[in-house]
Amino acid sequence: MNMAAHERPDTDSDDSGSPAKSGRAQGRNPVDDGPRPGLFTRLSSQFGSRGLARRGPALDDAARRELLMHGAEGTATILSVRSGARSASTAPDAGPEPGCEFWVRIKLESRHPYETRVRQRVATADAEWMRPGDEVACRVDPGDRDRVVLFVPPPGETTRTNIAKILSDGRRARATVLAAAPLAADYTGRDDPILRLDLELHAWDEPSPWRVRIVQPVPLAALELVDLGRHLEVAFFTVDRGESVAVDWAASGDGNA
């Protein structure tokens, strides 16, 4: 008697059976067939309470002056701010204080954007211009890209368009969400996350739609609005790559209710 046939009784039947019994099908987790998790869940699972490694102390005045004079010019988007000297009497929504740790996204000419932490003192007058979502100027050490100085450019040089001004005075359009990616690596669900949104805009007074990429804070209550294919109400000044575009979260929530 051929014992090999008894040792592997199912081998032949598996090979000749339906493709649905392939190894991939047999190992499939039934959970895969469930609903796709929401963006809030994906944010938390992707980032949790991790974050970039903390760097050393802030630059001293001499090193800061040296970097301001000889560093590579760039721009930095503020993703989060942590104050190391916040007093008990300070309001929770107050701006940064001296001795702040910024998590920023740096953009330099001819280089890919990257993210890093910056520790430095901040003048009280600059605090309101260095909140999450704001874009400021920076100087970067060519030999160490994590050695950065942030500063608010003079009013005549800044290119930032205030989100509130766009929403107040801008033209209106309807946007379709093409992609949404979180940028806050230490996002824990306590604050509004900073997201990079790829949108396609349609305006009644423009002949054709156009695509933009924006980086803006998203209210926690509005996270479900940025799933792929959802529609948002936005304001804009001109057809560009996203520099003059802002999402109206209140109107978007009403439109999707």
K.L.:
Let me confirm one number: the CZ-CG distance from Arg147 to Leu59, rounded to the nearest 0.5 Å.
P.N.:
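Rounded to the nearest 0.5 Å, the CZ-CG separation comes to 5.0 Å.
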K.L.:
Tell me whether Ser252 contacts the main-chain N or O of Glu233 through its side chain, where contact means a donor paired with an acceptor under 3.5 Å.
P.N.:
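Yes, the answer is positive, given that a donor and an acceptor are paired below the 3.5 Å cut-off.
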K.L.:
So that I know where these two stand, are Phe151 and Trp129 an aromatic pair - ring centroids less than 6.0 Å apart?
P.N.:
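No.
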K.L.:
Work out which heavy atom in Val148 is nearest to a heavy atom in Cys138; give both atom names and the distance.
P.N.:
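Scanning both residues, the minimum pair turns out to be CG1-CB, 4.0 Å.
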K.L.:
Do you know the tightest heavy-atom contact between Val136 and Met130?
P.N.:
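In terms of heavy atoms, the two residues are closest at CG1-CG, 4.0 Å.
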K.L.:
Provide the closest heavy-atom pair for Asp248 versus Arg172 in the form atom of the first, atom of the second, distance.
P.N.:
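So the minimum-distance heavy-atom pair works out to OD2-NH1, 2.8 Å.
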K.L.:
What heavy-atom pair brings Arg213 and Asp198 nearest, and what distance separates the two atoms?
P.N.:
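Closest heavy-atom pair between Arg213 and Asp198: NE-OD1, 2.7 Å.
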K.L.:
Check the hydrophobic clustering (I, L, V, M, F, W, Y; side-chain heavy atoms under 4.5 Å; chains of links allowed) and say if Trp249 and Leu178 are grouped together.
P.N.:
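Different hydrophobic clusters.
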K.L.:
Is it the case that atom NE2 in His70 sees more than 12 heavy atoms from other parts of the structure closer than 6.0 Å?
P.N.:
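It does: His70 NE2 has more than 12 such atoms within range.
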K.L.:
Which value, rounded to the nearest 0.5 Å, describes the distance between Thr75 atom OG1 and Lys107 atom NZ?
P.N.:
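It is 4.5 Å, given to the nearest 0.5 Å.
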K.L.:
Quick one: are Asp169 and Phe237 in side-chain contact, heavy atoms under 4.5 Å?
P.N.:
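They are in contact (side-chain heavy atoms under 4.5 Å apart), so the answer is yes.
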K.L.:
For a 4.5 angstrom cut-off between non-hydrogen side-chain atoms, does Pro193 reach Leu223?
P.N.:
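When only atoms from C-beta onward are counted, Leu223 and Pro193 do touch, with a gap below 4.5 Å.
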K.L.:
If you look at every heavy atom in Val104 and Ile78, which pair is closest and at what distance?
P.N.:
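Distance-wise, the nearest heavy atoms are CG1-CD1, 3.8 Å.
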K.L.:
Is the shortest distance from a Lys or Arg side-chain nitrogen in Arg230 or Glu224 to a carboxylate oxygen in the other one below 4.0 Å?
P.N.:
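Looking at Glu224 together with Arg230, the answer is no, because their closest N to O distance does not fall below 4.0 Å.
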K.L.:
Given the rule in the side-chain contact (heavy atoms from CB on, under 4.5 Å) test, do Leu79 and Glu115 qualify, once you have shown the distances and angles that lead to the verdict?
P.N.:
CA-CA 9 Å; Leu79 302 178; Glu115 296 163 17; 4.2 Å; yes
K.L.:
To the nearest 0.5 Å, what is the distance between CZ on Arg121 and CZ on Arg64?
P.N.:
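One finds 8.0 Å between CZ of Arg121 and CZ of Arg64.
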K.L.:
About how many Å separate CG of Leu197 and CD1 of Ile214, when rounded to the nearest 0.5 Å?
P.N.:
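Taking CD1 in Ile214 and CG in Leu197, the distance rounds to 5.0 Å.
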K.L.:
Are side-chain heavy atoms of Asp240 and Val245 found at a separation under 4.5 Å?
P.N.:
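Touching, per the 4.5 Å side-chain cut-off.
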K.L.:
Are the side chain of Gln120 and the backbone N or O of Leu150 linked by a donor-acceptor pair below 3.5 Å?
P.N.:
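Present.
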K.L.:
Rounded to the nearest 0.5 Å, how far apart are CD1 of Ile106 and CZ of Arg111?
P.N.:
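The CD1 atom of Ile106 sits 11.0 Å away from the CZ atom of Arg111.
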K.L.:
Salt-bridged, Arg171 to Asp205, with N to O below 4.0 Å?
P.N.:
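Salt bridge present between Arg171 and Asp205.
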K.L.:
If you measure from the Lys or Arg side-chain nitrogens to the Asp or Glu carboxylate oxygens, is any gap between Arg65 and Asp60 under 4.0 Å?
P.N.:
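No, this pair does not count.
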K.L.:
Start with the C-alpha gap between Leu195 and Val215, add the side-chain angles, then the distance that decides, and say whether side-chain contact (heavy atoms from CB on, under 4.5 Å) holds.
P.N.:
CA-CA 6 Å; Leu195 267 63; Val215 175; over 6 Å; no
K.L.:
Kindly give the heavy-atom pair with the smallest separation between Val226 and Val177, and that separation in Å.
P.N.:
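So the minimum-distance heavy-atom pair works out to O-CG1, 3.4 Å.
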K.L.:
Got a salt bridge between Arg117 and Asp146, using NZ or NE/NH1/NH2 to carboxylate O under 4.0 Å?
P.N.:
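Result for this pair is no, no salt bridge flagged.
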K.L.:
Rounded to the nearest 0.5 Å, how far does CD of Gln216 lie from OG1 of Thr77?
P.N.:
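Interatomic distance, Thr77 OG1 to Gln216 CD, rounded to 0.5 Å: 11.0 Å.
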K.L.:
Is a side-chain N or O of Asp134 found less than 3.5 angstrom from the main chain of Arg131, in a donor-acceptor match?
P.N.:
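Side chain of Asp134 to backbone of Arg131: a pair is present.
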K.L.:
Check for me whether Arg145 meets the cation-pi criterion with Tyr114, that is, NZ or CZ under 6.0 Å from the six-membered ring centre and within 45 degrees of the ring axis.
P.N.:
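The answer is yes; both the distance and angle limits are met.
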K.L.:
Could you check Val122 against Phe102 for side-chain contact (heavy atoms from CB on, under 4.5 Å), going step by step and ending with a plain yes or no?
P.N.:
CA-CA 10 Å; Val122 178; Phe102 296 89; 3.4 Å; yes
K.L.:
Are any of the side-chain heavy atoms of Leu199 and Thr176 separated by less than 4.5 Å?
P.N.:
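Heavy-atom side-chain distance check fails, nothing below 4.5 Å.
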K.L.:
Does a side-chain heavy-atom distance below 4.5 Å link Val239 with Glu206?
P.N.:
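Yes, their side chains come closer than 4.5 Å.
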